[in-house]
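Just so it is clear, the values below take in all heavy atoms, side chains as well, and ignore hydrogens, waters and symmetry mates.
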Amino acid sequence: MFASFSELFVRRRGAARLATATMLTGLAAAAGLAGAGPVTAADETTHNQGGAAATIGGLKTYGAAVIHAGTGDQEISAGLFEMSVDGGGMLQTYCVDLHNPTQRDAKYHETSWSGTSLGANKDAGKIRWILQNSYPQVNDLATLARKAGVRGALTEQDAAAGTQVAIWRYSDDIGVDALDPQAEQLADYLEKNARNLPEPRASLTLEPPAVSGRPGERIGPVTVRTNAGSATVTPPADAATSGVRVVDRQGKAVTSTPDGGQVFFDVPEDAAAGTAELTVQASTTVPVGRAFASESRSQTQILAGSSESTVSATAGATWAKQGPVPALSAAKNCAEGGVDIIASNKGDEPFTFDLAGLEHTIAAGESRTVTVPIQEDQAYDFTIHGPGGFEKRFTGMLDCQTRGSDTGTTTQTLSEPSPATVGGTAPDTNLAETGSSGITPLIAGVAIGLVLIGGTTLIVLRRREATAGE
């Protein structure tokens, strides 16, 4: 049984955005710093924001649709995907990126709209309304058909196809119709009546995902945001030997916390400079309308339904007795066409690092965001180094636009479903027909080169006030 809630998608962005990130074919950055105090190296991160992680299983319940392209009409499949959640659970999703291929068994993670094309789409809220008011959230098909004015019986395949077509009209800004008359009537009803709704909350996220301070202090707070009743808190793996505990504001050990709960890293006063990481996990239904993105350029998905699923998030802490004590995290910023590096320094000396050929200094007690422009569809991999062996690595792929918007073409959908595969429930379909391409899919793992970017215009610095109480 799939639960209700929702979200939506974003209209394609103009190709002009690409010009601001020209020639960035890969990114590797290193930061050197003169300073004291050895800090243990931090683990690699792909900086997902927490929530559900899942593997796509394919297009399961679908019908046929026709794209009206400048070169002629093209027929494709349209409907619901299924995903299996890491740790347990199932998701149902629709596509919000028509022209991109879906990679077989691609890994996805829950993300905010700002990290996808939805963030720049003024009609994203209408997509969420469609999800809330159609199949599978409304699974009484007779009632749905009557409300939509559908003439004749509405099958699951019709309902899935009609819903997907209505979503595409807002997500990809393209002429597309359902092949089946009942599905087309549903799509028209949903498109006409859609209203903007706000983005749904994340199933689980930690704010901020990185903190720093001095040994002998409670370092934090880290605030837990979740739609679950409570979440389990797991201390650092080496807690028994390091003495680092996870506690509340009063210093009491924490093993679980409700939404809005705050946790701290309690670091022994005699601890050598180092790092630690805690994990928060919960079981909940993921809100309908949450976006799901892949690091392998597999088409972006939007959640239509969720079983009880496992969600998780991590937060890290850094500490040192003297010198700079940095905390670093990252988030995709599609509005700026890049990746935000959020840096703070709770030490008593400045933290200086190089990023993409430019030097940045974070004063003691200061927080700052450095936005690194990345070319659309570009894999990136960069590491920031600090004193005494401190390092933080960020990897991923920027996927902020629908394929039609960054190529300027009406469609790039090359393959068409055969009559035998259209309009059925296909439990064995592993590669989605929706948006599939005859071109060999772009696979993650592209070699990353060291790129020097000239000009301060490529780096946007936005000062932020240091977070009180961290």
Side-chain angles (χ1 to χ4, degrees), residues 1-9 56-67 75-83 90-98 102 123 126-172 174 176-195 197 285-290 292 299 301-307 417 419-427 429 432-435:
M1 183 101 178
F2 287 89
S4 301
F5 194 71
S6 44
E7 174 169 315
L8 21 94
F9 187 77
I56 198 162
L59 190 61
K60 298 298 182 180
T61 305
Y62 58 93
V66 177
I67 299 173
E75 186 178 310
I76 61 170
S77 296
L80 274 171
F81 294 82
E82 287 186 5
M83 292 189 187
M90 293 295 296
L91 307 176
Q92 289 180 313
T93 62
Y94 287 106
C95 160
V96 287
D97 195 358
L98 172 60
T102 302
D123 291 323
K126 293 182 179 180
I127 297 173
R128 184 182 174 193
W129 185 95
I130 290 169
L131 293 166
Q132 299 255 66
N133 290 275
S134 191
Y135 182 77
Q137 289 301 303
V138 179
N139 55 20
D140 183 339
L141 298 183
T143 299
L144 180 60
R146 185 167 53 253
K147 190 171 184 179
V150 173
R151 296 178 296 277
L154 188 67
T155 67
E156 290 183 346
Q157 292 74 33
D158 292 338
T163 305
Q164 177 66 90
V165 165
I167 289 171
W168 277 335
R169 291 173 182 174
Y170 285 118
S171 67
D172 288 68
I174 193 170
V176 58
D177 295 318
L179 193 62
D180 183 89
Q182 284 75 31
E184 175 64 12
Q185 290 162 21
L186 175 61
D188 289 343
Y189 161 79
L190 294 170
E191 180 188 16
K192 179 180 178 181
N193 288 276
R195 301 291 182 269
L197 297 177
T285 55
V286 182
V288 170
R290 290 296 292 168
F292 277 78
Q299 62 184 195
Q301 303 283 311
I302 192 164
L303 190 71
S306 169
S307 70
T421 64
V422 171
T425 300
T429 303
E433 294 283 355
T434 309

About how many Å separate [atom2] of [Y] and [atom1] of [X], when rounded to the nearest 0.5 Å?
{"X": "Gln92", "Y": "Ser306", "atom1": "CD", "atom2": "OG", "result": "9.5 Å"}
{"X": "Asp177", "Y": "Asp188", "atom1": "CG", "atom2": "CG", "result": "7.0 Å"}
{"X": "Gln299", "Y": "Leu98", "atom1": "CD", "atom2": "CG", "result": "8.0 Å"}
{"X": "Tyr135", "Y": "Gln164", "atom1": "OH", "atom2": "CD", "result": "13.5 Å"}
{"X": "Asn193", "Y": "Ser134", "atom1": "CG", "atom2": "OG", "result": "11.5 Å"}
{"X": "Ser171", "Y": "Ile127", "atom1": "OG", "atom2": "CD1", "result": "5.0 Å"}

Report yes if some heavy atom in the side chain of [X] is under 4.5 Å from a heavy atom in the side chain of [Y]; otherwise report no.
{"X": "Leu186", "Y": "Thr163", "result": "yes"}
{"X": "Trp168", "Y": "Val96", "result": "no"}
{"X": "Glu75", "Y": "Leu179", "result": "yes"}
{"X": "Val286", "Y": "Phe292", "result": "yes"}
{"X": "Arg169", "Y": "Ile174", "result": "no"}
{"X": "Tyr94", "Y": "Leu80", "result": "yes"}

Assess whether a salt bridge exists between Asp123 and Arg128, defined as any Lys/Arg side-chain N lying under 4.0 Å from an Asp/Glu carboxylate O.
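Judged by the 4.0 Å cut-off on N to carboxylate O distance, Asp123 and Arg128 do not form a salt bridge.
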
Do Lys60 and Glu82 meet the salt-bridge criterion of a basic N to acidic O distance under 4.0 Å?
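Not counted as a salt bridge, because no side-chain N and carboxylate O are separated by less than 4.0 Å.
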
Please check: side-chain N/O of [X] versus main-chain N/O of [Y], any donor-acceptor pairing under 3.5 Å?
{"X": "Tyr62", "Y": "Ala161", "result": "no"}
{"X": "Glu184", "Y": "Ala178", "result": "yes"}
{"X": "Asp180", "Y": "Gln182", "result": "yes"}
{"X": "Asp158", "Y": "Leu154", "result": "no"}

Taking all non-hydrogen atoms of both residues, which atom of [X] and which atom of [Y] are closest, and how far apart?
{"X": "Ala304", "Y": "Gln137", "answer": "O-NE2, 2.7 Å"}
{"X": "Ile130", "Y": "Ala194", "answer": "CG1-CB, 4.1 Å"}
{"X": "Ala65", "Y": "Val165", "answer": "CB-CG2, 3.8 Å"}

Which is it for Trp129 and Leu190 under the side-chain contact (heavy atoms from CB on, under 4.5 Å) test, yes or no, and what are the steps along the way?
CA-CA 9 Å; Trp129 185 95; Leu190 294 170; 4.1 Å; yes

Applying side-chain hydrogen bond (donor to acceptor under 3.5 Å, both in side chains), run through Glu156 and Thr61 and close with a yes or a no.
CA-CA 7 Å; Glu156 290 183 346; Thr61 305; 5.1 Å; no

Could you list all the salt bridge (Lys or Arg N to Asp or Glu O under 4.0 Å) pairs where at least one residue sits in residues 133-155, not counting sequence neighbours?
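Counting only pairs at least two positions apart or across chains, no salt bridge (Lys or Arg N to Asp or Glu O under 4.0 Å) contact touches residues 133-155.
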
Suppose we screen for side-chain contact (heavy atoms from CB on, under 4.5 Å). Which residues come up paired with Val138, at least two apart in sequence or across chains?
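Checked Val138 against side-chain contact (heavy atoms from CB on, under 4.5 Å); matches are Leu144.
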
Can you check side-chain contact (heavy atoms from CB on, under 4.5 Å) on Leu131 and Ile167, steps first, answer last?
CA-CA 8 Å; Leu131 293 166; Ile167 289 171; 3.8 Å; yes

Worked check of side-chain contact (heavy atoms from CB on, under 4.5 Å) between Ile302 and Arg290
CA-CA 6 Å; Ile302 192 164; Arg290 290 296 292 168; over 6 Å; no

Step by step, would you call Val176 with Val66 a side-chain contact (heavy atoms from CB on, under 4.5 Å)?
CA-CA 6 Å; Val176 58; Val66 177; over 6 Å; no

